[in-house]
2 protein chains.
Amino acid sequence: MVTLAEVARHAGVSASTVSYVLSGKRSISAATRERVENSVRQLGYHPNAGARALASSKSNIIALMVPLRTDMYVPVMMEIAMAVATAARTHGYDILLLTGEEGAQAVRRIEGSALADAVIVMDVQLDDERLPLLRTASRPAVLIGLPSDTSGLSCVDLDFAAAGAECAQALADLGHREIAVIGEAAAVYERRTGFAERTLAGLRERSAELGLRLLHRPCEGSYASVSATLARVFDERPGVTAFVVQNEAATDPLLALLRQSGRAVPEDVSVVAVCPEQVAAHASVPLTSVAVPAQEMGRRAVEQVIAKIEGRGADEEVVLIEPELTVRESTAQAPAGA
Amino acid sequence: MVTLAEVARHAGVSASTVSYVLSGKRSISAATRERVENSVRQLGYHPNAGARALASSKSNIIALMVPLRTDMYVPVMMEIAMAVATAARTHGYDILLLTGEEGAQAVRRIEGSALADAVIVMDVQLDDERLPLLRTASRPAVLIGLPSDTSGLSCVDLDFAAAGAECAQALADLGHREIAVIGEAAAVYERRTGFAERTLAGLRERSAELGLRLLHRPCEGSYASVSATLARVFDERPGVTAFVVQNEAATDPLLALLRQSGRAVPEDVSVVAVCPEQVAAHASVPLTSVAVPAQEMGRRAVEQVIAKIEGRGADEEVVLIEPELTVRESTAQAPAGA
DNA sequence: GGCATCTGTCGAAGCGCTTCGACAGATGCC
DNA sequence: GGCATCTGTCGAAGCGCTTCGACAGATGCC
């Protein structure tokens, strides 16, 4: 492996000069800089990460805690994780992948060993066990998700409450009066996952304001579960003319089952989903939806956490991304008979 | 941050003794060991990762290159990645997440900076541009996937050729003579992704042996794409009584469309898929399938790469996991009329 | 034109570990 | 009982960087 000392010798300068060329922390004459940069290129030099971290107390690594759950529909999570990794690289950072398995323990380990300069936490519960630790941690942390109490924390999330409200509003605007919500798996609520509860709260609030009848049922992504939920819904509320789908895994089964039961979408029943663009656009009936902007969430989280690492940015900052509802083919005016 | 020197002082021993207690590389008396371990616990000591890496030339980090593609169905990839991360932790390693975006560049960077002790590469193409670099790299590499030329490489993969053969065999055993393969997206073949081609090769070979008529069509995961593919298949081969699905995203649309077109599964048409257990088990008709053992693949790759890091294990080792076909409800005897 | 300030570069110290050689004291052997 | 070997511990060097203070030489100012 090529070392900084070898680069220095090759360029005929001192080691510190090479270091300053690389970091830009002191001004260096153009001639010297060029000579050094040439040597770096010629020798194929890469600074040793360990040595750099030790000397500067900065690892240029951001830890990312991803959930290790099977009941969470993974594509959004994966998309966010990839967006985080990509954004981090553009700022010269690498991503250390922590599975949720270690839990709070991992935060302590990362902090103690100085492995990472900061932590980004996904899949945050309203009352997450990791919050106290993150509040007092010596390293910056940013949550992707919104807990109940955000004091002393930085968060990035879609404004799911507003998303829920938008769904209710859009359906009300089309004349729908009875709406059913195909929720997330029961386990997701039991864990008190923020986005699920907030979407629901937004739906309920706006529905109340608009005088809509709302029925909410948790539902897993499997065909069988959607089928059972659907039967129950129509049994309890035969007048339902619209669905809001929270669980993105349920969209395909729902559309298939509606078709099977002789209900046309959107003529007989409207469907609105909260899900990634791709899922909405590629459904058997392209879905009117509020997008979960995975890319933007990942990018914003990285920007925020780097601002904190660099000492810019507030200690406490909540970024709520405005939801955007895109009308596709799954919604229409409520049927006249309803 | 607590340092090793502070632990040493607290325990009344030298720094090197603390180091040897931690690493176990020299024998230490029980009494001293206990005293040191106590101090470590009391002070909440975590070794500084950078210092350790610098002194020992070992980072205890494994880099994982995951694909950054949108045409690959992600759940398997995510499951493998998580399995890798979990397995790595049980061996005391962390995972550095590299997106495919950087490509071969990333391998060079990791190697030069000594950021990771080894690399695990996912989404390998038959003729992958990263292979030459991986062959000559000074650090161990393990591929999850199988390129055409495995010389000088270590690989872990499902034996997709055998998986394809098993699918053909199972359908032949049930009396099916005409089979259609719903393939991966065309782009997947264009990239010459190993698993897609090998599955197909296995299917073709065994079909030829058994005298089956085989029709293969690439297909994207969207409803529209499956619909078009299906129409074409029945147009070109009206006698088809069985499907093999390679693209796991296509399973749900396929089942829905068959149902819609009045074909009962498995009475009129049998369906076999190559996909993760979960997808097969939760489909609207539980699918007879060959599982993609994501967990095992991740675990084996980690074990292999760690063996190499520790100097055990061969330079070149190809682990092909035996496929297992599980019969569920989507297959039956070929209809008599066919 | 002389003194203060800038600019560019260097050398040395230090970051927190691991590891090597040394060695005191205990143990084993004939 | 004396010498060789083991066992357990220590101190020092070194891993490859960053960063601080120093300082020579160039530049600016009245």
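Letters A, B, ... mirror the listed sequences (proteins, then strands); counts begin at 1.
- Side chain A:Arg26 to base D:dG21: a donor-acceptor pair is found below 3.5 Å.
- When rounded to the nearest whole Å, the span between CG of B:Leu22 and C1' of C:dT19 equals 14 Å.
- For B:Asn38, the CG atom sits in a packed shell: over 12 heavy atoms of surrounding residues, nucleotides or ligands are nearer than 6.0 Å.
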Could you list, one pair per line, each protein nitrogen or oxygen that sits under 3.5 Å from a nitrogen or oxygen of nucleotides 13-16 of chain D, together with the distance?
none

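- In this structure, the side chain of A:Arg135 engages the main chain of A:Ser151 through a donor-acceptor pair within 3.5 Å.
- In this structure, the side chain of B:Thr193 engages the main chain of B:Val188 through a donor-acceptor pair within 3.5 Å.
- At D:dC17, none of the side-chain N or O atoms of A:Ser19 fall inside 4.0 Å of OP1 or OP2 (strictly under the cut-off).
- Within 6.0 Å of CZ in B:Arg300 there are 12 or fewer heavy atoms belonging to other residues, nucleotides or ligands.
- Side chain of B:Ser113 to backbone of A:Ala49: no donor-acceptor contact under 3.5 angstrom is found.
- In this structure a side-chain-to-backbone donor-acceptor pair under 3.5 Å is present from B:Arg35 to B:Ala11.
- Residue B:Ser29 has no polar side-chain atom (N or O) positioned under 4.0 Å from OP1 or OP2 of D:dG8.
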- Fill in the dot-bracket string of DNA chain C, one character per base: . for unpaired, | for a pair to another strand, ( ) or [ ] for pairs within the strand, taking Watson-Crick or G-U pairs under 3.5 Å. ||||||||||||||||||||||||||||||
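- For A:Ile28 and C:dC10, the CD1 to C1' distance is 10 Å, given to the nearest whole Å.
- Listed candidates were C:dG8, C:dT19, C:dG11. Nearest to the side chain of A:Ser16 is C:dG11.
- One donor-acceptor pair, N or O on each side, does fall under 3.5 Å between the base of D:dC20 and the side chain of A:Tyr20.
- Separating the NZ atom of B:Lys25 from the C1' atom of C:dT18 is a distance of 7 Å, rounded to the nearest angstrom.
- For the atom pair CG (A:Leu98) and CG (A:Leu64), the distance works out to 7.5 Å, reported to the nearest 0.5 Å.
- A salt bridge links B:Glu102 and A:Arg89; the closest N-O separation between the charged side-chain nitrogens and carboxylate oxygens is under 4.0 Å.
- From B:Gln105, atom CD reaches atom CZ of B:Arg109 across 8.0 Å, with rounding to the nearest 0.5 Å.
- OP1 or OP2 of D:dT9 lies within a sub-4.0 Å distance of a side-chain N or O belonging to B:Thr32.
- The CG atom of B:Asn60 sits 14 Å away from the P atom of C:dC17 (whole-angstrom rounding).
- In this structure, CZ of B:Arg9 is placed 13 Å from P of D:dG11, rounded to the nearest angstrom.
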